[in-house]
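Because the structure is predicted, anything quoted here is derived from the model rather than measured.
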Amino acid sequence: MNKKIVIRTLEKIALYLELKGENPFKVSAFRKAANALELDERSLEEIDDFTKIKGIGKGTGAVIEELIQTGESQQLIELEKQIPKGLIPLLKIPGLGGKKLAKLYQELGVSSREALKEACESKKVRSLPGFGPKTEEKILKELEQFGERTGRLPIWYLESVVREINQLLASIEEIERYSVAGSFRRVNETSKDLDFVIATKSPEKVREQLLFELTIKEIVSSGDTKVSVVLDLDELVNVDFRLVANEEFITTLHHFTGSKDHNVRMRQLAKEQGKKISEYGVEQPDGQILTFHSEKEFFALFGLPYIPPTVRETGQELDRLNEIKELVTIEDIKADLHMHTTYSDGAHSVAEMGEALISKGYHFGVITDHSQYLKVANGLTPERLKKQREEIEAFNEAHPDFTLFSGTEMDILPDGSLDYDDDVLKNLDFVIASIHSSFSQPQEKIMERLFAAIQHPYVHMIAHPTGRIIGEREGYNPNVEQLIHWAKEYGKILELNASPYRLDLCIEHLKLAMELGVPIAINTDAHAIEQLDYMEIGTKYAQKAWLKKELVVNTWSVEQFKNFIRKNK
DNA sequence: GCCGTTTTCGGCCCGACTGTTTTCAGTCG
């Protein structure tokens with residue numbers, strides 16, 4: 001039995017119980033059990049007693065055992081008999097939850113989109129208790145937009161939306177401070193919506209200006225403390241603004257940064273200490289409400305270190321507090337090892353990129369333009385590469401406290417050969433190998449190409465190992481586990497490409513690389529000076545994998561780095 | 001349904017908003 005199937009079955013049972021209008025705590029018990037099983041790192045075979053896992057008890061444990069023994073769950077089969085499948089997608093309609101759908105089904109026999117539409121149009125819905133004409137209208141409107149509703153949007157798209165909204169918020173006088181919150185602040189790859197927390201003394205004025213300035217398709221709700229809109233951009237984007245008093249800002253920010261599971265753990269911990277957390281402050285045992293100047297202060301009240309938003313996910317971060325100080329942060333970063341200049345497809349010159357690195361406070365960097373195969377990117381011939389090297393050496397002479405290394409991002413060609421000969425490569429300080437072509441080759445062939453590169457004595461690093469673009473394309477589907485093992489065996493670096501389009505390697509693979517002690521370089525792959533800022537997203541993303549700074553090549557001193565690249569020649 | 005060094009029963013995170021009510025249920029995050 002596949003663990004994923006067991007987890008999905010428990011979630012399915014929860015869904016059906018919800019549709020029956022069951023006790024919400026019972027419903028969430030099944031969800032919690034599914035979640036607990038998912039968070040447990042062990043495989044089904046390795047777990048001997050499921051009820052020993054917190055969140056799994058007699059009932060849910062029996063379902064799991066039954067699934068393993070027989071491959072099915074009688075409880076689910078019973079539920080499927082009682083409740084038509086057509087109801088499940090209706091749960092996605094905003095405003096309709098289990099209780100209301102249960103009523104619609106039991107009273108009106110509604111079990112499909114068509115039946116629901118028909119019931120609304122014939123005005124039968126408004127006669128049910130708890131329903132009215134407005135609900136009817138709202139359901140009809142939602143049914144029309146069904147499917148057209150926005151799904152999850154990728155971080156690279158939301159990043160530009162957030163930047164624009166931040167600019168707007170900065171321009172509104174009545175706003176004392178503001179911050180993006182939600183899953184975007186936690187640096188998730190995709191988000192369902194954007195959340196902003198705003199501190200102000202004049203919520204009504206701020207609300208007015210927001211509704212006036214933003215490109216709004218629909219106002220979802222607009223109350224004293226919450227404004228919720230759908231923005232009419234290239235993609236429809238749901239955005240929630242929370243308007244609070246300045247002293248409540250920190251607790252509100254913490255609350256709406258989430259995750260839900262993190263908040264639940266925090267509130268449980270508070271309760272154990274006789275305290276109560278809400279958006280508006282922390283209530284002490286004596287009834288006094290405390291507010292905070294920073295999240296650091298907030299966590300300190302509970303005896304916790306500052307927990308960065310990036311790791312506030314499963315709630316288990318509260319069990320890994322001593323690892324937090326080892327996490328890589330932007331302050332630890334001393335270098336960027338992958339960037340492009342006007343020699344290939346970059347926007348700025350060697351000297352401009354070098355100066356930009358120095359102004360970031362870095363100690364060293366590597367210029368890595370494309371190799372000759374990539375004609376569309378104006379890849380460098382060995383002659384141009386040599387000329388660039390001279391430019392780099394001149395830059396170094398003028399900047400004695402900084403080291404710019406001469407490198408390349410060399411293509412691994414479709415036939416598995418490398419784009420430069422050894423006598424070209426041996427004159428470079430740092431050699432990145434990567435795939436930019438023939439993505440659809442069978443995995444076997446892709447792995448041959450990667451192997452040719454990773455075992456090559458002059459190659460130091462594999463860049464963006466899967467070639468994925470978040471939400472756009474899968475990449476070339478390599479066997480990443482194998483690749484990580486090769487990196488270990490041949491002592492090579494793997495990249496975490498910090499571009500929000502890529503974030504490649506992903507969290508799961510970064511975890512494996514860390515387990516094996518494979519060094520990771522967080523690189524921006526900048527094609528212009530501004531993109532060097534991607535380093536921030538990259539380090540935050542690395543935190544999500546609990547990446548320790550010592551394994552991150554960019555935190556090394558220039559001597560450590562020199563040692564490493566020499567060793568590989 | 002799950003959980004428990006104060007509890008084997010009575011809680012389960014907490015609050016806003018909407019649309020329904022005429023004080024609150026359902027939904028959402």
Side-chain angles (χ1 to χ4, degrees), chain A residues 10 13-14 16-37 50-64 75 90-104 125-139 142 181-186 191-197 203 207 219-229 238-244 248 251-252 254-283 289 315:
Chain A
L10 289 168
I13 292 174
Y16 275 107
L17 291 174
E18 195 178 353
L19 284 171
K20 268 186 84 177
E22 264 283 6
N23 174 2
F25 294 112
K26 185 171 172 179
V27 175
S28 87
F30 275 90
R31 297 220 163 97
K32 268 186 202 155
N35 192 239
L37 191 59
F50 288 93
T51 60
K52 284 218 176 92
I53 299 173
K54 201 162 174 266
I56 299 178
K58 239 172 70 189
T60 49
V63 172
I64 298 171
Q75 189 176 355
L90 300 184
L91 264 178
K92 286 217 180 75
I93 297 174
L96 287 186
K99 293 252 172 68
K100 286 202 158 160
L101 277 173
K103 234 180 242 172
L104 284 168
V125 171
R126 63 178 64 181
S127 62
L128 296 179
F131 292 80
K134 283 206 169 168
T135 321
E136 231 168 36
E137 277 167 39
K138 191 163 177 251
I139 293 173
E142 294 294 348
S183 56
F184 184 86
R185 183 165 182 245
R186 302 199 310 273
S191 301
K192 194 163 65 62
D193 57 11
L194 290 173
D195 293 283
F196 287 85
V197 179
R207 185 174 61 190
I219 299 173
V220 180
S221 70
S222 173
D224 288 340
T225 65
K226 179 181 166 185
V227 177
S228 186
V229 297
N238 298 307
V239 189
D240 289 349
F241 298 93
R242 310 281 164 162
L243 311 171
V244 294
E248 297 161 344
T251 37
T252 307
H254 175 263
H255 177 79
F256 285 106
T257 297
S259 67
K260 192 170 181 285
D261 292 333
H262 170 81
N263 287 352
V264 168
R265 272 296 295 267
M266 285 299 297
R267 286 179 171 182
Q268 284 167 347
L269 176 66
K271 211 167 178 180
E272 284 165 27
Q273 300 180 1
K275 300 163 187 150
K276 197 167 91 178
I277 299 176
S278 84
E279 287 112 286
Y280 303 108
V282 177
E283 190 180 324
I289 309 277

Inter-nucleotide [atom1] distance ([N], [M]), Å rounded:
N      : M      : atom1 : result
B:dA16 : B:dG11 : C1'   : 23 Å
B:dC12 : B:dT7  : C1'   : 14 Å
B:dC17 : B:dT23 : C1'   : 16 Å
B:dC14 : B:dC9  : C1'   : 23 Å
B:dT22 : B:dC13 : C1'   : 29 Å
B:dT20 : B:dA25 : P     : 16 Å
B:dT6  : B:dG1  : C1'   : 24 Å

Touch check for [X], heavy atoms < 4.0 angstrom, all strands: base, sugar-phosphate only, or nothing?
X        : answer
A:Lys32  : nothing
A:Phe131 : sugar-phosphate
A:Asn23  : base
A:Gly98  : sugar-phosphate
A:Lys276 : sugar-phosphate
A:Ser28  : nothing
A:Ile56  : sugar-phosphate
A:Leu128 : nothing
A:Lys226 : sugar-phosphate

Residue pairs, two or more places apart or on separate chains, that pass salt bridge (charged side-chain N to carboxylate O under 4.0 Å, His left out) and touch residues 17-36 of chain A: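 Those involving residues 17-36 of chain A are A:Glu18-A:Arg31, A:Glu22-A:Lys26.
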Of A:Phe256 and A:Gly55, the one whose closest DNA chain B nucleotide lies more 5':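 By nearest-heavy-atom nucleotide position, the 5'-most residue is A:Gly55.
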For A:His255 and A:Ser278, find the nucleotide of DNA chain B closest to each by heavy atoms; which residue's nucleotide sits nearer the 5' end?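 The answer here is A:Ser278.
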Do A:Tyr280 and A:Ile289 come close enough that some side-chain heavy atom pair is under 4.5 Å?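 In short, these two side chains do not touch, never coming nearer than 4.5 Å.
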Using modelled atom types only, decide if a donor and an acceptor are shared between the side chain of [X] and the backbone of [Y] within a distance under 3.5 Å.
X        : Y        : answer
A:Glu136 : A:Val125 : yes
A:Asn263 : A:His255 : yes
A:Arg207 : A:Gly223 : yes
A:Arg186 : A:Thr257 : yes
A:Lys100 : A:Phe131 : no

Anything under 4.0 Å to a heavy atom of chain A counts; send over the first and last such nucleotide of DNA chain B, read 5' to 3'.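 Nucleotide range in contact with chain A: B:dG1 to B:dG29.
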By the rule that syn is within 90° of 0, classify the base conformation of B:dT7 as syn or anti.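 Glycosidic conformation of B:dT7: syn.
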Under a 3.5 Å cut-off for both distances, is B:dG29 Watson-Crick or wobble paired, and to whom?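 In the structure as shown, B:dG29 has B:dC14 as its Watson-Crick or wobble partner.
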OG1 of A:Thr225 to CG of A:Leu243: how many Å apart, nearest 0.5 Å?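 Answer rounded to 0.5 Å: 7.0 Å.
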